[in-house]
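Only a predicted model underlies this, so the values are computations on that prediction, with no experimental measurement involved. For the numbers below, each heavy atom of this structure counts, side chains included, while hydrogens, waters and symmetry mates do not.
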Amino acid sequence: QSLSYTQVEAMSQVLVKQLLTHFQVETWQGGVHIFLPIAAQREFNTLLLYEALSSVAPQLSWAVPKINDKALQTCLWDKDTAMTTNRWGIAEPSEPVDFPVEQLAAVIVPMLCFDLQGHRVGYGGGFYDRFLATCLPRTLRIGVCFFEPLPQIGEINPHDIALHYCLSPNHFWDFTRK
């Protein structure tokens, strides 16, 4: 939260360029699951990613999460979807339409930090780990972070799902080449 909104926007633009440089998004089929940013938390602005990918890869559909109990419901989304704000300050579709998880080409994963093994720390609760466990193995798990990785995150649980890739403003990590 020590980042200014100007810094967040600048780093978000760099992260979008990183993603476009390292992935052939124009070949992706199906959908991309993004989180909608919480401005007060100074999160990566995924709306910039939506705008960029929509012009480069118009064939893609978009999905966002809606929190139901202890699970993330994957919902169809576009810029005209009616939204409400949940108790955590996260925008969610007002009238959610399910998006089939098996049709996701990629999931853009939020995080506070990550390590050199592709493990991440989010806000807690295990929502994304449970969600990623339902995705097909071919679905790309791409983390975005404003900061460089830690050498290792200490508390990794058996149910934690590692990322395939991670982007920071200065680097690209490929965890599939272990």
With sequence neighbours left out, what residues match [X] under ring-ring contact (aromatic ring centres under 6.0 Å, His included)?
| X | value |
| --- | --- |
| F35 | none |
| F44 | none |
| F172 | H22, F23, Y165 |

What residues form a side chain to side chain donor-acceptor pair (under 3.5 Å) with [X], not counting sequence neighbours?
| X | value |
| --- | --- |
| Q7 | S4 |
| S12 | none |
| D129 | none |
| N68 | Q73 |

Decide whether T176 and D174 meet the rule of one side-chain donor and one side-chain acceptor closer than 3.5 Å.
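Yes, a side-chain donor-acceptor pair sits under 3.5 Å.
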Could you work out, with side-chain contact (heavy atoms from CB on, under 4.5 Å) as the rule, every residue matching [X], not counting sequence neighbours?
| X | answer |
| --- | --- |
| S94 | A82, T84 |
| E102 | P100, L136 |
| A105 | W28 |
| Q24 | E26, T27 |

Qualifying residue for side chain to side chain contact (heavy atoms under 4.5 Å, CB included) with W77, from V97, I34, V32
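Looking at V97, I34, V32, the match for W77 under the side chain to side chain contact (heavy atoms under 4.5 Å, CB included) is I34.
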With R130 as the cation and F127 as the aromatic partner, state whether NZ or CZ is under 6.0 Å from the six-membered ring centre and within 45° of the axis.
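Yes, cation above the ring, under 6.0 Å and within 45°.
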I need the full list of salt bridge (Lys or Arg N to Asp or Glu O under 4.0 Å) pairs touching residues 133-153, with sequence neighbours left out, sorted by first then second residue.
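Matches after skipping sequence neighbours: none remain.
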If only atom types and distance count, is the side chain of R42 paired as donor or acceptor with the main-chain N or O of L3 below 3.5 Å?
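Yes: the side chain of R42 pairs with the backbone of L3.
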Verdict with supporting geometry, H33 and F99, ring-ring contact (aromatic ring centres under 6.0 Å, His included):
CA-CA 9 Å; H33 185 281; F99 186 92; 8.8 Å; no
Atom of T81, atom of L76 and distance for their closest heavy-atom approach
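Taking T81 first and L76 second, the nearest heavy atoms are OG1-O, 4.4 Å.
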